[in-house]
Number of protein chains: 2
Amino acid sequence: MADVKSSINPLFLREEELRQGIELLFYAYRDFTGEPDSILAEYGFGRAHHRAIHFINRDPGMTVAALLTILRITKQSLSRVLSQLVEEGYVEQKKGVRDRRQRLLYLTEKGRELERRVSEKQRARVAKAYQEAGAEAVEGYRKVLLGLIDETDRATVLKSIQNR
Amino acid sequence: MADVKSSINPLFLREEELRQGIELLFYAYRDFTGEPDSILAEYGFGRAHHRAIHFINRDPGMTVAALLTILRITKQSLSRVLSQLVEEGYVEQKKGVRDRRQRLLYLTEKGRELERRVSEKQRARVAKAYQEAGAEAVEGYRKVLLGLIDETDRATVLKSIQNR
DNA sequence: CAGATATGTCAACATGGCTGACGTAAAATC
DNA sequence: GATTTTACGTCAGCCATGTTGACATATCTG
């Protein structure tokens, strides 16, 4: 029988490879969120506020329903966060013109400043990783992450991250 | 002056590219954790239990301190989760032989079963994404994620995900 | 006008982070 | 051998962020 170490076991290797891919995602996300979290904490905000600010900044005038769909949380959870942001002057709500039931979401100047401050750090981290890894690697990163998203959602996400 | 649409603004493109990289990570992580979360919920466990089980399975006999370092939470937070897992027979603690202050962590057979059940789903998701994206893309995915991890931690993580 | 829709709100609860304080056993050091 | 440090556990209380369920209001649509 062949030496165990030199015998190739593709199934085992494959499992190992997958486990590594899983753990890398865990570690990367841990550190990726750590920096914003600590900045937001200065303002008495948390990760939930960050997510709201990020997506409102990205698509000013979006509806509450749209934000709920992206975040996959209940309206009660979002409401808490959103009303804090409105009360403290980071987010503004305007009635929709076409549909006046809607409360369209906008960042105020104060909100944009906070968004900038947090996202600068986060973008710097991604920029550095992109630079170190190279353009081809970035393409791979995007492909795999897209593949990790629920199939039913993929088209929506693609559209959402591309359209501006 | 040139047409705005056709004029190339590399800085803007770069920001857009980075924002997309950020959002992809958000969406991928959201769905990546969603499936395990719902399985764990059947057992009355949450994401915190999953993480503990995952890393104990991956490195049986690890110390509590090692797990704390990986998870970056306080011992009080981990303790709550760990004692539930021990009480309900998913995790076993054995005194270290070299250092008898240590409580080395092991999954019981019951724990391994749960781990398998959850990780199968997660591995299937990653396997599918890997397959669709191709080997080269996988290399890029790994490179970029590694680059997103805190620099001070990168060497440790690399060693930890490679050594078995 | 009736019903559906977009949003808000109240209340109660669970999970999983946190801090601070204190305790015990074992190892390491002086 | 006494003292200090280390590894771990535990009690208590707080906060952020998720959940469910029920109900209210304004507005749109058929």
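The structure presented is a predicted model; accordingly, all values stated were derived computationally and were not measured. Each chain gets a letter, A, B and so on, in the order the sequences are listed, and its residues count up from 1.
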Using a heavy-atom cut-off of under 4.0 Å over every strand shown, decide if [X] touches base, sugar-phosphate, or nothing.
X: B:Ser83; answer: nothing
X: B:Arg80; answer: base
X: A:Gln93; answer: sugar-phosphate

query: For residues 65-73 of chain A, which residues have at least one heavy atom under 4.0 Å from DNA chain C?
result: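 Residues of residues 65-73 of chain A under 4.0 Å from DNA chain C: A:Ala65.
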Quickly work out the [X] [atom1] to [N] [atom2] distance and round it to whole Å.
X: B:Gln84; N: C:dT15; atom1: CD; atom2: C1'; answer: 9 Å
X: B:Arg30; N: D:dT17; atom1: CZ; atom2: P; answer: 18 Å
X: B:Leu85; N: D:dG9; atom1: CG; atom2: P; answer: 13 Å
X: A:Tyr43; N: D:dA16; atom1: OH; atom2: C1'; answer: 19 Å
X: A:Leu40; N: D:dC15; atom1: CG; atom2: C1'; answer: 15 Å
X: B:Arg47; N: D:dG18; atom1: CZ; atom2: P; answer: 10 Å
X: A:His50; N: D:dT17; atom1: NE2; atom2: C1'; answer: 16 Å

field: Atom CD of A:Glu132: over 12 foreign heavy atoms under 6.0 Å
entry: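 Check passes, neighbour count above 12.
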- request: For atom CD of A:Glu136, decide whether the heavy atoms of other residues, nucleotides or ligands shown that lie under 6.0 angstrom number more than 12.
  value: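 It does not: A:Glu136 CD has 12 such atoms or fewer within range.
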task: Identify whether A:Leu25 and B:Phe55 are in the same connected component of the hydrophobic contact network (ILVMFWY, side-chain heavy atoms under 4.5 Å).
output: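 Same cluster.
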query: Do A:Tyr106 and A:Leu71 share a hydrophobic cluster, counting only Ile, Leu, Val, Met, Phe, Trp and Tyr and linking them when any side-chain heavy atoms are less than 4.5 Å apart?
result: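 No, A:Tyr106 and A:Leu71 fall in different hydrophobic clusters.
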task: List for me each residue that meets ring pair (Phe, Tyr, Trp, His ring centres under 6.0 Å) alongside A:Phe45, sequence neighbours excluded, and say none if there are none.
output: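 For A:Phe45 the ring pair (Phe, Tyr, Trp, His ring centres under 6.0 Å) partners, ignoring immediate neighbours, are A:His49, A:Tyr90.
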Carboxylate-amine/guanidinium proximity below 4.0 Å for [X] and [Y]:
X: B:Arg112; Y: B:Glu115; result: no
X: A:Arg125; Y: B:Asp150; result: yes
X: B:Arg19; Y: B:Glu15; result: no

So, OP1 or OP2 of [N]: does either fall under 4.0 Å of a side-chain N or O from [X]?
X: B:Thr74; N: C:dC18; answer: yes
X: B:Arg51; N: C:dG17; answer: yes
X: B:Ser77; N: C:dC18; answer: yes

- request: Check each of A:Arg116, A:Arg123, A:Lys121 against A:Ser119 using the side chain to side chain donor-acceptor pair (under 3.5 Å) test, and report the only one that passes.
  value: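 Considering A:Arg116, A:Arg123, A:Lys121, a side chain to side chain donor-acceptor pair (under 3.5 Å) with A:Ser119 is found only for A:Arg123.
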task: Side chain of B:His49 only, please: which of D:dC8, C:dT19, C:dG16 is the nearest?
output: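 My answer, after comparing the listed nucleotides, is C:dG16.
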- prompt: Within the modelled atom types, does a donor on one side and an acceptor on the other bring the side chain of A:Gln76 and the base of D:dG21 under 3.5 Å apart?
  reply: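 Check passes, donor-acceptor contact within cut-off.
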- prompt: A:Ala48 or B:Val64: which one's nearest nucleotide on DNA chain D is closer to the 5' end?
  reply: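 Looking at DNA chain D, the more 5' nearest nucleotide goes with B:Val64.
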message: Please give me the minimum heavy-atom distance between B:Ala133 and A:Val144, naming the atom from each residue.
response: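 Smallest interatomic distance, heavy atoms only, reads CB-CG2, 3.7 Å.
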Pairs under 3.5 Å (N/O, protein and nucleotides 22-26 of chain C):
| residue | atom | partner | partner atom | Å |
| --- | --- | --- | --- | --- |
| C:dA26 | OP1 | B:Arg100 | NH2 | 3.1 |

